[in-house]
Structures are given as structure tokens and as C-alpha cells.
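Notes follow the structure.
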Amino acid sequence: MKYWHVKTGFMLMLLVSFYSVSLNAETNIEAKEEVIVNPFEKLLLPSANAEKLRRIQIKRITSADENKLYMACIAVLQDMGFNIDKRDQLLGFARGAKNRKAEAPAQELTINILNLMAILSGNQPASYEKDQTITAMFVITPAYTGRRNEFEVRITFHRFLRQPFRIQAEVLDNPELYKSFFSLLDKAIFLKEHKL
Amino acid sequence: MNNTIIKAFTLVTGLVFFLTGCSAIPDDAVLGNAAQQLKLRSIQSRVYETTDKSSVLRNVISTLQDLDFLIESADLGTGTVSARKFAMKGIGNYSNLKITISVQPKSARTMTVRANAEFNNKLLEDPVPYQNFFTALNKSLFLSGKLVE
């Protein structure tokens, strides 16, 4: 048993190094299993209710002339009080906007308290925005059936709400709104096609 | 004595104007990062087998409507569509996403669709959002019978 302590020491060192290597390997596996979250991965993805919205926003319409259909859509937007601000007739696209009041009864009490405090401290009461911009835009695409006189009209309504302590941008998803637009469009097409 | 004061004042004022005029605008802010432009272009572009520019642009608009964007401009002549999406919840918590799509003929039978987006005033360089956009566009083109990649 000559040099027994050297041999034992060597074996111990070997064991420790094996242990540390296996520990590192385990840590590496754990590191690989960490889920890396990309902050941009949700960008440019359709929202959860996109399919439902698509169904209520699109209507297939038969019309002999795309230009007449386009002008009928413009007329309906005007009937609804929109001012047309962007358009390209060659693409069958137009956008209209209107500004309307957006009363905020829930915030009135807070505003009154803040204004009272301002007056008591010798300042002018602040004025708060209480309005909304409603935007409507449509695009006409030839229907996928391939028939020359079939088109799909897609309309979307957006709202940008400005109220005290509340600013919100949203797509309006009330189906009745879209039904009303298409009902008015049917009437407008009838009037255009019969030159009334 | 007065002349000396006037001269010194003019010199100091001139120096101040000179120094403030030299405030540096980083080249990258204007020109973009040249080294990454080629890579970015391939991330942002797809080629479609179609000659119908108008139909592709109409489907681009429809896709942007799917993604809740507001169209800011659309022009068949230049083949471009620009749109903006502004999401705000409460005060100070907002995100601002802008996108421009261009559709240009690549060959006699193909069109290149290129999208470039900006998120909160920064160029979007991550490939995933562009993949998301083209997946949605492919779906729209497929539904209209124009797909083709």
C-alpha cells in the first residue's frame, strides 16, 4: 500500500470533477428549458374575435358596375354623417370620420371635486376633453367566385374616445351597426341602379 | 472699450450658435443601419405569383382591417398602403404601431409585397411579426382565390 494517500486523493479529485461536470450539465439542461418570450410575437396577429368580426363586416353584393357600388358606399357614409377624408376609387377604398361628443357621467363627480379644489386654491378650473372620433372605412374586392358582377364590401368602424382620465382606441364590434350600414347600402344601390 | 465688449459678445453669440448647430443627429436615425438593410428586406418581403396589383392591394387593405388597423393612405399608382394602430389603455399606457406595405412588379408574372413596420417609434426588426402579417395576407389572398406563393 505504498502511496495509498496519493491514490485516495487522486480518486477523490476524480469523483469531485465528475460530480461538477454532471452538475453543470444539469444546469445547462435547465437553462435550455427556460421559455424565451419574444415581446414582439403577438404583434400583427389577428385578435381573438377577428373571424367573428370578419363575418359581420363583409357582405357579398351583386352589382353590374363597381363604380356605382363605390359611389353608393360613399353616399351611405355621407348619410351617416361621415366626412370622407381618404379615398382611392381605383382600389375601391374610402375612409370617413366624424367627431361627436362623448359625455362622461361617471367622471363628472371627480371633475367637479378637482375644479372646486382648483378654485379654492385660486387657480382656473381645468377643461377636460369629452369627445370621440368615429372612423369608418370600406374596401371593395371582387368576390372569390370569379363572377364579374359579384363583389365583397368590407366595412370597419373604429372609435377613438377622449374622456377625462380615459383615452381608448377600439374597433366597434356591435353587429347591429354593420347590419344598419349594409341595409342602407342595399337601398342606396337600388336608388343608384334605378337612377332615382 | 465698448468695441471690445461688442466684439466679445458677437464672438460668444457666434460660438453658441455654431456649437448648438453642431448637435449631432445620429446617421442611423436618418439612413437606417446599412449592414442590416439586406437582411431586413428579406424578412419584410414575399413574392407572389400574380399580375393583379389592384387585387393584391385590396387584400392588403382587408388584411389590415383584420388586424384592427386604420388605413392612413392607399394608392394604386404607387402601389402603397400605410396604416396605423393606436392602442391606449388608461393614461400613459399606450402602443403605437405603424405599417407601410408596397406592392411592386418583380417580373412579368410575379409581384413583391414588402411590409415595413414601426413599433413605438422604433423600426420593427423581429421576423415574427412580419411572418404573422404574411400569414394573415396569405389567408386573405387564398380566400379571394389569389394565392399563390
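Proteins get letters first, then strands, A, B, ... in listed order; numbering begins at 1 in each. Hydrogens, waters and symmetry mates are skipped; everything else that's a heavy atom, side chains included, is used.
- Between Lys85(B) and Glu170(A) there is no salt bridge, since none of the side-chain N atoms of the basic residue sits less than 4.0 Å from a carboxylate O of the acidic one.
- Across Ser62(B), Ala136(B), Ala117(B), Ser54(B), the residue that shares the most heavy-atom pairs under 4.5 angstrom with chain A is Ser62(B).
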For residues 90-100 of chain A, which side-chain donor-acceptor pairs fall under 3.5 Å, sequence neighbours excluded?
residue	atom	partner	partner atom	Å
Arg95(A)	NE	Asp85(A)	OD1	3.4
Arg95(A)	NH1	Ile71(B)	O	2.7
Arg95(A)	NH1	Glu72(B)	OE2	3.4
Arg95(A)	NH2	Asp85(A)	OD2	3.2
Lys98(A)	NZ	Met80(A)	O	2.7
Asn99(A)	OD1	Thr133(A)	OG1	2.6

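- Most heavy-atom pairs under 4.5 Å with chain A, from the set Ile61(B), Leu57(B), Leu70(B): that is Leu70(B).
- Atom NZ of Lys52(A) sits in a sparse spot, with 12 or fewer heavy atoms from other residues, nucleotides or ligands closer than 6.0 Å.
- Smallest separation of non-hydrogen atoms from Tyr130(B) and Leu44(A): N-CD1, 4.4 Å.
- Heavy atoms from other residues, nucleotides or ligands lying under 6.0 Å from CZ of Arg60(A) number more than 12.
- The part of Thr135(A) that comes within reach of chain B is its side chain, from C-beta onward, which places non-hydrogen atoms under 4.5 angstrom from that chain.
- Heavy atoms of Asp126(B) lying under 4.5 Å from chain A belong exclusively to its side chain.
- Exactly one residue among Leu67(B), Asp66(B), Asp68(B) makes a side chain to side chain contact (heavy atoms under 4.5 Å, CB included) with Ser47(A). That residue is Asp68(B).
- For Phe151(A), the ring-ring contact (aromatic ring centres under 6.0 Å, His included) criterion is met by no residue, not counting sequence neighbours.
- Side-chain contact check for Arg54(A) versus Ser140(B): some heavy-atom pair is nearer than 4.5 Å.
- Under the 4.5 Å side-chain heavy-atom criterion for ILVMFWY residues, no single connected hydrophobic cluster contains both Ile99(B) and Val128(B).
- Electrostatic pairing of Arg58(B) and Glu152(A) does not count as a salt bridge here, judged by no charged N lying under 4.0 Å from a carboxylate O.
- When Val139(A), Leu53(A), Val171(A), Ile58(A) are compared by the number of non-hydrogen pairs under 4.5 Å with chain B, Val139(A) comes out ahead.
- Atom CD of Gln168(A) is separated from atom CZ of Phe86(B) by 12.0 Å, given to the nearest 0.5 angstrom.
- Interface remark: Leu64(B) contributes no atoms to any contact with chain A (heavy atom separation under 4.5 Å).
- A donor-acceptor pair under 3.5 Å links the side-chain atoms of Asp88(A) to the main chain of Leu76(B), judged by distance alone.
- Counting heavy atoms of neighbouring residues, nucleotides and ligands inside a 6.0 Å radius, atom NZ of Lys98(B) does not exceed 12 of them.
- Val153(A) and Ile74(A) fall within a single hydrophobic cluster, where Ile, Leu, Val, Met, Phe, Trp and Tyr are joined by side-chain heavy atoms under 4.5 Å apart, directly or via other members.
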Item checked: Leu43(A)/Asn132(B) under side chain to side chain contact (heavy atoms under 4.5 Å, CB included): CA gap, chis, key distance, verdict -> CA-CA 8 Å; Leu43(A) 285 181; Asn132(B) 293 341; 5.6 Å; no

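- Heavy atoms closer than 4.5 Å to chain A are found in the side chain of Phe119(B), but not in its backbone.
- Under the 4.5 Å side-chain contact rule for hydrophobic residues, Leu69(A) and Ile84(A) share a cluster.
- Linking Ile, Leu, Val, Met, Phe, Trp and Tyr whenever their side-chain heavy atoms come within less than 4.5 Å leaves Phe160(A) and Phe82(A) in two separate clusters.
- Hydrophobic clustering (ILVMFWY, side-chain heavy atoms < 4.5 Å, transitive): Ile140(A) and Tyr178(A) are in one cluster.
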